[in-house]
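For reference, the structure discussed in these notes is given below.
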Amino acid sequence: MSVQELETIFDNKLEREIRIEPKDWMPDNYRKNLIRMISQHAHSEIVGMLPEGNWITRAPSLRRKATLLAKVQDEAGHGLYLYAAAETMGISREEMIDQLLTGKAKYSSIFNYPTLTWADIGAIGWLVDGAAIMNQVPLCRTSYGPYARAMIRVCKEESFHQRQGFEILLTLCRGSKEQKDMAQDALNRWWWPSLMMFGPNDDNSPHTAQSMKWKIKRFTNDELRQKFVDICTEQAKVLGLAIPDKDLKWNEEKMHYDFGEINWEEFNNVVNGNGPCNKERMAARIKAHEEGAWVREAALAYSEKKKQRQTPTAA
Amino acid sequence: MIETLNKTEASHPSPTGEGREGTEGPLWEVFIRSKQGLDHKHVGSLHATDAKMAIENARDVYTRRMEGVSIWVVESKNIHASNPDEAASMYDPANDKVYRHPTFYNLPDELKHM
C-alpha cells in the first residue's frame, strides 16, 4: 500500500473516532509528537514527586503523612503507566530516562518551584493537580489507545489528590490567622505558575493546531486555562482566599472570568532551565538514577544466575 | 489462512531491536483478575528482571486500591498476536453469517420463553 493510501486509512480512523493502536500504521510525525508529549508527561510525574517528597517527613499529622505518601507513590505509578504507553511507540524507557537526565526532554515547569511551607502541599494538590486533571480528562479520549487507557487509570487515581490538597487548605483557612496567612501566601506563589501549566497561548503554541487535527488534544491550551480559572475562582471563595490577580473579573457577556496577562518571560525562563529549582530537581533525579544503578545491576545479575542454575550443565 | 503471526502491542515494536533487555530488565505484560469469577484482564506492562519481581511490581503499581485478587505476568516477547493489516481478510468469513445470531430467526410473538 502506498503512503497516501495508508494516510487515508489513518485519517479515516480519526474521523470515525477509532483509536489508533501500536501496530497500526501512523504518520511519523504523529508518532514523534506523541512520544514527545507522553514522555514529557511521564517525566513530569516523576520529577513531580520531588517538591512533595520534601514534606513527607514533616507532615503535621499521621493522617496527612499517610495521604502524602500515598499521593507521591501514585505519581510514581503514573510515571510508569506513561513510560509504558510511550514504549508502545518504539522508544525504550532507558532512552527516555536518558533524555530527561541529559536535559534533552522537558517536564512541566511547575515542578521547578520550591515548596516552602506546609500550605504549599495544599496548594499543589488543589491547583497543580487541579490543572493536571483539567488537562488529563480530555486526554482519556485522545486518539492513541495506550495513552488514552493510561490516562483513564491516572484520572481515576488523581481525583483524591486534588481533594486532599483542598482539604489541607480548608483546614488552614479555618485555623489561626497565621495559618490562613500561610494558605494565602501559598496561593499567591502557586497561582500564576499553575496557569502557566496549560502552556503558551494558542497563537503561540507550535504543536496545538496539529495535535487538535490528530485528535491528540481535544481542547486548546487557552480553552482549558479559561475553564480552570472559572472553576478555581469559585472554589477560592469556599476557602475565603483572594486570587492574586487584580484583573480577575466576571465577564457577563462572555460568561467567563477575565484574567490578567501571564508573565511569559518567567515561563520561558523556567522552561529554559532558569527557574528557582531546575538545577536542584535535575541533580536529585541524576543522583537517584546513579545511586540506584547497583540495584538494577544486582537484579539483572541475580536473574542471570538463576537462569543458569535452571539450565542443568553436563554432569 | 493466517500468514503471519505478529507480536502484540504488548511486545512493543522497539527500533532498538527485538528482545532488547537493557539495564531495566525485560518487559512484562500484566493481567489482573478483579474479582473471583471474572477473567484476568490486561492492565498494562512493566519492566522486571524476573517473574517474581514482575508480580511484586504489578501488585505495587496496579493493585494499590484493591483492584485485584490474582495477577498473571507474561514476558511480552512471548505474546503473539494477529496482524491488524490483515484484519479485513481475517474476520471476513464471519461477516456474512448473521444466522449465527438468535435475532436472525422470525418467530411469532405468542411464542414464550425462547
Side-chain angles (χ1 to χ4, degrees), chain A residues 1 6 9 13 18-25 31 35 70-71 73-74 76-98 144-146 149-150 152-154 156-157 160 289 292-307 310, chain B residues 4-30 32 34 41-54 56-68 73 75-76 79-88 90:
Chain A
M1 238 185 283
L6 290 166
I9 297 173
K13 276 188 197 154
I18 294 175
R19 297 281 174 269
I20 307 300
E21 294 295 342
K23 283 281 178 179
D24 297 345
W25 184 90
R31 186 187 300 274
I35 288 178
K71 179 177 189 296
Q73 196 186 11
D74 274 352
H78 297 173
L80 183 125
Y81 303 154
L82 287 159
Y83 282 129
E87 278 180 291
T88 65
M89 304 210 88
I91 185 168
S92 74
R93 193 168 77 188
E94 271 187 318
E95 272 174 274
M96 287 185 273
I97 305 263
D98 190 62
Y144 187 58
R149 291 192 285 277
I152 290 170
R153 200 172 285 284
V154 167
K156 259 190 207 159
E157 298 186 354
F160 108 72
H289 190 70
W294 72 269
V295 180
R296 294 189 292 276
E297 282 162 26
L300 271 178
Y302 175 70
S303 78
E304 275 309 310
K305 211 159 133 190
K306 244 186 4 187
K307 262 185 230 156
Q310 276 162 4
Chain B
T4 53
L5 273 177
N6 225 341
K7 298 283 185 82
T8 48
E9 92 171 60
S11 63
H12 310 166
S14 169
T16 40
E18 283 293 327
R20 190 198 59 85
E21 293 179 17
T23 59
E24 60 209 2
L27 195 64
W28 300 74
E29 298 305 319
V30 180
I32 296 209
S34 59
K41 196 177 155 220
H42 183 244
V43 294
S45 46
L46 48 78
H47 288 278
T49 51
D50 60 24
K52 185 165 173 262
M53 187 195 272
E56 283 170 3
N57 288 356
R59 185 219 33 204
D60 291 347
V61 179
Y62 292 107
T63 67
R64 286 199 304 281
R65 289 173 175 79
M66 309 282 294
E67 290 97 334
V73 293
E75 229 182 294
S76 308
I79 295 187
H80 299 265
S82 59
N83 186 343
D85 296 342
E86 293 165 6
M90 179 97 161

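Here is how names work: the chains are called A, B, and so on, in the same order as the sequence lines, proteins then strands, and each is numbered from 1.
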- Message: So does B:Thr23 get a backbone contact from the side chain of A:Glu297, meaning a donor-acceptor N/O pair under 3.5 Å?
- Response: no
- Residue among B:Asn57, B:Val61, B:Thr49 with most heavy-atom pairs under 4.5 Å to chain A: B:Thr49
- Query: To the nearest 0.5 Å, what is the distance between CG (B:Asp85) and CE (A:Met1)?
  - Reply: 6.5 Å
- Pair count under 4.5 Å, heavy atoms only, with chain B: among A:Glu157, A:His78, A:Lys306, A:Arg296, highest is A:Glu157
- Query: Given A:Glu94 and B:His47, is the side-chain hydrogen bond (donor to acceptor under 3.5 Å, both in side chains) satisfied, shown in steps?
  - Reply: CA-CA 11 Å; A:Glu94 271 187 318; B:His47 288 278; over 6 Å; no
- Shortest non-hydrogen pair, A:Asp24 vs B:Pro84, comes out as OD1-CB, 3.5 Å
- Task: Look only at the side chain of A:Arg149 and the backbone of B:Val43, and say whether a donor-acceptor pair between them is shorter than 3.5 Å.
- Result: no
- Kindly write out the residues that satisfy salt bridge (charged side-chain N to carboxylate O under 4.0 Å, His left out) with A:Arg19, not counting sequence neighbours, or none if the list is empty. A:Glu17
- Determine whether A:Tyr302 and B:Asp50 make a side-chain contact, defined as any pair of heavy atoms from C-beta on separated by less than 4.5 Å. yes
- Query: Could you state the interatomic distance from OH (A:Tyr81) to CG (B:Leu46), rounded to the nearest 0.5 Å?
  - Reply: 10.5 Å
- Taking all non-hydrogen atoms of both residues, which atom of B:Arg64 and which atom of A:Gly77 are closest, and how far apart? NH1-CA, 4.3 Å
- Message: Can you confirm whether B:Tyr62 sits close enough to A:Arg153 that some side-chain heavy atom of one is under 4.5 Å from a side-chain heavy atom of the other?
- Response: yes
- Can you tell me how far the CG atom of B:Asp60 sits from the CD atom of A:Gln73, to the nearest 0.5 Å? 6.5 Å
- Task: Just do the side-chain contact (heavy atoms from CB on, under 4.5 Å) check on B:Arg65 and A:Phe160 with the steps written out, would you?
- Result: CA-CA 12 Å; B:Arg65 289 173 175 79; A:Phe160 108 72; 3.3 Å; yes
